[in-house]
Amino acid sequence: MTAGMNERDMAKRAAMEVKDGFFVNLGIGIPTHVLEFIPTNETVFFHTENGLMGMAGFAVAGEKHPDLVDAAKQPVTCIPGASFFPSDISFAMIRGGHLDLAIMGAYQVSEKGDLANWTAPGMVPSIGGAMDIAVGVKRIIVMMTHTTKDGKSKIVKELTYPLTGKSCVSMIITNLCVMDVTENGLVLKELAPGITKDMVINSTDANLQFK
């Protein structure tokens, strides 16, 4: 067995934080897989900032429609009764605090919950709706690999990449563990299968507390 969580494992864990009746925004990339792990007996309304409430998952051959896409322009489907609206209404929902949860990717998260996810050295900047979501949604969960491809921690004392939102992240789910961001700092909540506490400590450039 490979130690740690793969992308689907992380999505499955994040889905446990989605409650029946929630209105949820999913970021592009790994978070989009969360949709696949929502129990069929629960009703969750998935929102995309380009103007859809009621996203139902990726479209397969025969289901694709050029006007039915998510925020990353990927073809999606929708549930019966889904709503379509212009961007100003969509962002009014976000800024007005009407979404319960957002699950996003990130380049860095600080031990105070500061989020950096719109650009990094060598990356093409892509701000999208991230700043509005970071400050407007009631709860933010970040899903990401624990380190960069060259082994640098993405969980840091202070951000070195451009800020998206300050003290906005409540939970971090990585391939190594699950952490809560509290008023007193990062608390290691769960270890991924095959991962030890020391492995997390050695991969993290931030102070950790343990339950």
Side-chain angles (χ1 to χ4, degrees), residues 3-7 9-11 13-14 17 24-34 49 71-73 91 94-95 99 101-192 194-211:
M5 292 192 282
N6 60 32
E7 293 183 357
D9 293 332
M10 288 191 281
R13 176 60 187 83
E17 302 297 320
V24 181
N25 182 284
L26 298 178
I28 63 175
I30 303 175
T32 57
H33 293 293
V34 171
E49 56 265 36
K73 299 183 175 57
F91 278 82
I94 295 169
R95 295 170 184 168
L99 300 186
L101 176 66
I103 302 173
M104 312 170 72
Y107 294 127
Q108 284 183 333
V109 179
S110 82
E111 63 186 22
K112 293 173 286 192
D114 301 334
L115 171 66
N117 80 340
W118 67 279
T119 190
M123 303 294 291
V124 176
S126 180
I127 185 62
M131 288 184 178
D132 298 87
I133 292 168
V135 300
V137 178
K138 294 174 184 172
R139 186 167 188 242
I140 303 292
I141 295 175
V142 161
M143 292 175 57
M144 62 180 183
T145 55
H146 204 95
T147 61
T148 62
K149 291 180 180 178
D150 56 358
K152 294 179 180 176
S153 178
K154 294 183 177 180
I155 303 171
V156 295
K157 292 183 179 179
E158 299 286 346
L159 298 182
T160 58
Y161 297 167
L163 179 71
T164 301
K166 199 166 181 61
S167 300
C168 61
V169 178
S170 298
M171 174 178 279
I172 306 168
I173 299 173
T174 77
N175 53 314
L176 301 186
C177 66
V178 178
M179 296 178 178
D180 281 331
V181 183
T182 74
E183 292 181 352
N184 299 316
L186 297 175
V187 178
L188 182 61
K189 184 174 183 177
E190 302 166 19
L191 292 168
I195 300 300
T196 67
K197 189 182 293 185
D198 284 343
M199 292 167 73
V200 174
I201 293 171
N202 293 334
S203 300
T204 307
D205 287 343
N207 296 314
L208 296 178
Q209 301 174 52
F210 306 96
K211 295 185 72 174

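By convention here, the first residue in the shown sequence is residue 1. All values derive from a computational prediction rather than experimental measurement.
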Next on the checklist: Test: salt bridge (Lys or Arg N to Asp or Glu O under 4.0 Å). Region: residues 122-135. Which pairs qualify, not counting sequence neighbours?
Outcome noted: Arg95-Asp132

Item to check | Contact check, side chains of Ile201 and Thr204, non-hydrogen atoms, under 4.5 Å | outcome: no

Checklist entry - Pairs in or reaching into residues 24-33: which pass side chain to side chain donor-acceptor pair (under 3.5 Å), with residues at least two apart or in two chains? => result Asn25-His47, Asn25-Glu49, His33-Glu36

Next on the checklist: Are the side chains of Ile155 and Leu186 in contact, using a 4.5 Å heavy-atom criterion?
Outcome noted: yes

Item to check | Close side-chain approach of Leu115 and Val142, heavy atoms under 4.5 Å | outcome: yes

Checklist entry - Can you tell if the side chain of Val137 reaches within under 4.5 Å of the side chain of Ile94, non-hydrogen atoms only? => result yes

Item to check | For Glu190, all residues meeting side chain to side chain donor-acceptor pair (under 3.5 Å), sequence neighbours excluded | outcome: Arg13

Item to check | For the student: nearest non-hydrogen atoms of Gly194 and Ala3, plus distance | outcome: O-CB, 3.7 Å

Next on the checklist: Going by the rule side-chain contact (heavy atoms from CB on, under 4.5 Å), which residues pair with Ala130 if we only count those two or more places apart in sequence or in a different chain?
Outcome noted: Met104, Asn117, Thr164

Would you give me the side-chain donor-acceptor pairs under 3.5 Å for residues 173-182, sequence neighbours excluded?
residue, atom, partner, partner atom, Å
Thr174, OG1, His146, ND1, 2.9
Thr174, OG1, Leu176, N, 3.0
Thr174, OG1, Cys177, N, 3.2
Asn175, OD1, His146, N, 2.7
Thr182, OG1, Asn184, N, 3.1
Thr182, OG1, Gly185, N, 3.2
Thr182, OG1, Gly185, O, 2.8

Checklist entry - Which residues pass the side chain to side chain donor-acceptor pair (under 3.5 Å) test with Ser170, sequence neighbours left out? => result none

Checklist entry - Is the shortest heavy-atom distance from the side chain of Val109 to the side chain of Leu159 under 4.5 Å? => result no

Item to check | Contacts of type side-chain contact (heavy atoms from CB on, under 4.5 Å), residue Ile28, not counting sequence neighbours | outcome: Ala72

Next on the checklist: Return the CZ to CG distance between Arg139 and Leu99, rounded to the nearest 0.5 Å.
Outcome noted: 14.5 Å

Next on the checklist: So, taking the atom named CG in Asn202 and the one named OG1 in Thr147, what distance separates them when rounded to the nearest 0.5 Å?
Outcome noted: 12.0 Å

Item to check | Euclidean distance, Ile133 CD1 relative to Ile103 CD1, rounded to 0.5 Å | outcome: 11.5 Å

Checklist entry - Who pairs with Tyr161 by side-chain contact (heavy atoms from CB on, under 4.5 Å), at least two apart in sequence or on another chain? => result Tyr107, Gln108, Ala116, Ala120, Pro121

Checklist outcome for this item: Interatomic distance, CE@Met10 vs CE@Met144, rounded to 0.5 Å, equals 10.0 Å

Next on the checklist: Could you work out, with side-chain contact (heavy atoms from CB on, under 4.5 Å) as the rule, every residue matching Lys138, not counting sequence neighbours?
Outcome noted: Asp100

Item to check | Pairs where residues 143-157 contributes a residue and the test salt bridge (Lys or Arg N to Asp or Glu O under 4.0 Å) is met, not counting sequence neighbours | outcome: none

Item to check | Residue pair Gly165 / Ala134: nearest heavy atoms and the distance that separates them | outcome: CA-CB, 4.1 Å

Checklist entry - Any salt bridge (Lys or Arg N to Asp or Glu O under 4.0 Å) pairs touching residues 108-121, not counting sequence neighbours? => result Lys112-Glu158, Asp114-Lys166

Checklist entry - For the residue pair Ala192 and Gly4, what are the closest heavy atoms and their distance? => result CB-CA, 3.8 Å

Item to check | Evaluation steps, side chain to side chain contact (heavy atoms under 4.5 Å, CB included), between Trp118 and Met123 | outcome: CA-CA 9 Å; Trp118 67 279; Met123 303 294 291; over 6 Å; no

